[in-house]
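Chain naming here is simple, since letters A, B, ... match the order of the sequence lines and numbering starts at 1 in each. Small disclaimer: the values here were computed from a predicted structure and weren't measured.
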2 protein chains.
Amino acid sequence: MTAPALARLAALLADDTRAAFCLALLDGRAWTAGELAARAGVAPATATGHLHKLVAAGLLSEQRQGRHRYVRLAGPQVAHLIEDLAAHLPPAPAPARTLRAATASAALARGRTCYDHLAGSLGVAVTDALERTGRLSRDAGFALTPAGVRWLDGLAPVRASRRPLVRSCLDWTERREHLAGAAGASVCAYLIGQGWVARVGTGRAVRVTPAGGPALTELFGTDAAWSA
Amino acid sequence: MTAPALARLAALLADDTRAAFCLALLDGRAWTAGELAARAGVAPATATGHLHKLVAAGLLSEQRQGRHRYVRLAGPQVAHLIEDLAAHLPPAPAPARTLRAATASAALARGRTCYDHLAGSLGVAVTDALERTGRLSRDAGFALTPAGVRWLDGLAPVRASRRPLVRSCLDWTERREHLAGAAGASVCAYLIGQGWVARVGTGRAVRVTPAGGPALTELFGTDAAWSA
DNA sequence: CGCACGATTCGGCGCGTACCGAAGTGTCAC
DNA sequence: GTGACACTTCGGTACGCGCCGAATCGTGCG
């Protein structure tokens with residue numbers, strides 16, 4: 001559209017602190033203003049100002065509870081926008097400085113949630129497995145096959161909504177597309193609900209549980225090394 | 001990724017002048033620095049600085065010819081990034097102020113190129129026609145059907161590349177997805193090459209030619225009002 | 001009730017950067 | 001060669017905005 005409108009939108013993410021907020025919120029959960037401030041390393045007063053801008057612009061939705069202000073991404077479109085932008089970043093930067101940081105980023109690369117679906121090598125592996133078993137095709141687009149639609153219906157019915165059933169999300173660690181959209185969210189919720197995939201610590205990272213390895217092998221009819 | 005990296009990328013588009021440059025360049029052609037400066041309403045000196053940043057960041061590629069500096073988007077990914085961002089803008093703003101502006105924006109809404117594929121209501125109409133004739137499916141993703149792949153091969157073979165054959169692009173006038181990716185570029189080039197679709201003036205706007213109406217009706221086996 | 005705490009508002013500081021005019025460099029035309 | 005032109009570099013101005021400390025408001029706990 002008009003240049004100023006585009007610039008205003010971009011400007012929301014063009015600040016280190018606001019960008020840090022958005023990346024933290026990519027886990028799909030609600031954070032308090034204070035948590036975000038601490039995470040980004042700024043004073044609470046600074047965080048307040050940023051949150052006002054992000055909420056006013058519609059990127060974040062807020063919910064007040066007592067003396068806390070909870071804030072989350074306004075929806076999957078916003079999450080998709082941010083991941084999309086992140087996917088266009090310079091190839092493969094920033095080696096980890098400390099051992100702690102290295103293990104944390106390795107865990108993130110292995111598996112994580114991207115708002116409400118799986119990403120990282122786990123997300124890509126699930127997507128690959130779906131393709132190998134004929135439930136997903138990426139030859140001429142990115143779509144579930146009829147068999148894939150039936151499989152998903154049996155697994156965890158997706159309620160109809162305006163949200164696209166399937167969309168691809170480009171991963172910034174793997175540089176490959178993986179399953180997103182309502183179907184991606186459904187699969188992720190199912191795997192976590194079954195206890196086959198679990199969150200690690202408090203962040204976005206997830207891992208395959210001991211019970212999950214065999215279960216995933218059976219679910220996808222393939223013997224990928226899920227436990228990696 | 002890291003917040004500062006994301007912020008740096010966003011900052012490139014977070015300026016009215018640079019945003020205007022990028023939107024102008026969305027037509028996929030090469031512009032001179034002077035043309036862009038005039039379009040954005042800034043002095044040549046200002047444009048030089050902005051172009052340096054955009055080129056250094058890899059969003060634009062430059063080509064020097066004599067005393068001219070030609071500049072274009074660095075590739076389809078960049079075009080996609082910008083259109084993607086534009087698609088997330090507030091719904092439907094800015095009514096046109098003048099008659100001239102109104103006719104220009106109406107022409108853009110009717111049909112335009114989005115870097116290298118068709119967009120606007122024409123782009124959506126073509127996509128709809130492909131779906132109606134069983135060449136494209138968006139039930140469980142966004143993909144060409146086998147029939148669609150055969151049709152495209154007969155029409156204008158797409159050379160293999162790392163670029164995805166099919167991808168969807170969300171339109172900011174129509175708010176609907178339309179065909180993009182290598183297939184979208186191929187269809188657009190074919191229609192323009194046949195003289196069925198032609199550029200209007202010097203901008204991004206395109207229209208269906210008189211010869212194009214019947215031709216499109218035959219091509220898509222449907223009687224949509226192509227000439228609209 | 002009174003204290004602790006999260007969040008907010010306000011005022012002021014300082015950096016980053018967008019902008020331009022003027023002067024300089026290279027290229028093309030005559 | 002000389003002039004016109006596209007673009008660039010440089011210097012300087014001005015404005016926006018991110019940041020914080022301190023004071024305030026409101027809520028929850030003891």
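Taking Glu174(A) as the reference, nothing meets the salt bridge (charged side-chain N to carboxylate O under 4.0 Å, His left out) condition, with sequence neighbours excluded. With sequence neighbours left out, the side chain to side chain contact (heavy atoms under 4.5 Å, CB included) criterion links Pro210(A) to Arg207(A). Looking at residues two or more places apart in sequence or on another chain, you find a side chain to side chain contact (heavy atoms under 4.5 Å, CB included) between Arg138(A) and Thr127(A), Asp128(A), Glu131(A), Phe142(A), Arg176(A), Glu177(A). With sequence neighbours left out, the side chain to side chain contact (heavy atoms under 4.5 Å, CB included) criterion links Ala180(A) to His117(A), Arg167(A), Cys169(A).
When DNA chain D is scanned 5' to 3' for any atom under 4.0 Å from a heavy atom of chain A, the first and last hits are dG18(D) to dG28(D).
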Which pairs, protein N/O on one side and nucleotides 1-7 of chain C N/O on the other, fall under 3.5 Å?
unit_1 : atom_1 : unit_2   : atom_2 : d
dC5(C) : O2     : Arg67(A) : NH1    : 3.1
dA7(C) : OP1    : Ala33(A) : N      : 3.2
dA7(C) : OP1    : Gly34(A) : N      : 3.4
dA7(C) : OP2    : Gly34(A) : N      : 2.8

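In this structure, Gly41(A) and Gly66(A) both approach DNA chain D, and ranking their closest nucleotides by distance from the 5' end singles out Gly41(A).
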Under 3.5 Å, sequence neighbours excluded: what are the donor-acceptor pairs made by side chains of residues 20-29 of chain A?
unit_1   : atom_1 : unit_2    : atom_2 : d
Asp27(A) : OD1    : Arg29(A)  : N      : 2.9
Asp27(A) : OD1    : Trp31(A)  : NE1    : 3.3
Asp27(A) : OD2    : Arg29(A)  : NE     : 3.2
Asp27(A) : OD2    : Arg29(A)  : NH2    : 3.3
Asp27(A) : OD2    : Trp31(A)  : NE1    : 3.3
Arg29(A) : NH2    : Thr202(A) : O      : 2.4
Arg29(A) : NH2    : Gly203(A) : O      : 3.0

For residues 41-63 of chain B, tabulate all N or O donor-acceptor pairs below 3.5 Å that involve a side-chain atom, not counting sequence neighbours.
unit_1   : atom_1 : unit_2   : atom_2 : d
Thr48(B) : OG1    : Pro44(B) : O      : 3.2
His50(B) : ND1    : Arg18(B) : NH1    : 3.0
Glu62(B) : OE1    : Arg69(B) : NE     : 2.9
Glu62(B) : OE1    : Arg69(B) : NH2    : 2.8
Glu62(B) : OE2    : Arg64(B) : NH1    : 3.0

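Remark: nothing in residues 55-63 of chain B comes within less than 4.0 Å of DNA chain C through any heavy atom. Of the residues in residues 10-29 of chain B, those placing a heavy atom less than 4.0 Å from an atom of DNA chain C are Asp15(B), Thr17(B), Arg18(B), in numerical order.
Residue pairs meeting the ring pair (Phe, Tyr, Trp, His ring centres under 6.0 Å) criterion with at least one partner in residues 189-213 of chain B, sequence neighbours excluded, are Tyr190(B)-Trp196(B).
From Ile82(B), atom CD1 reaches atom CG of Leu12(B) across 10.0 Å, with rounding to the nearest 0.5 Å.
For the pair Leu85(B) and Leu81(A), the minimum side-chain heavy-atom distance is below 4.5 Å.
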What would the secondary structure line of DNA chain C be in dot-bracket form, counting Watson-Crick and G-U wobble pairs under 3.5 Å, with [ ] for pairs that cross earlier ones and | for pairs with another strand? ||||||||||||||||||||||||||||||
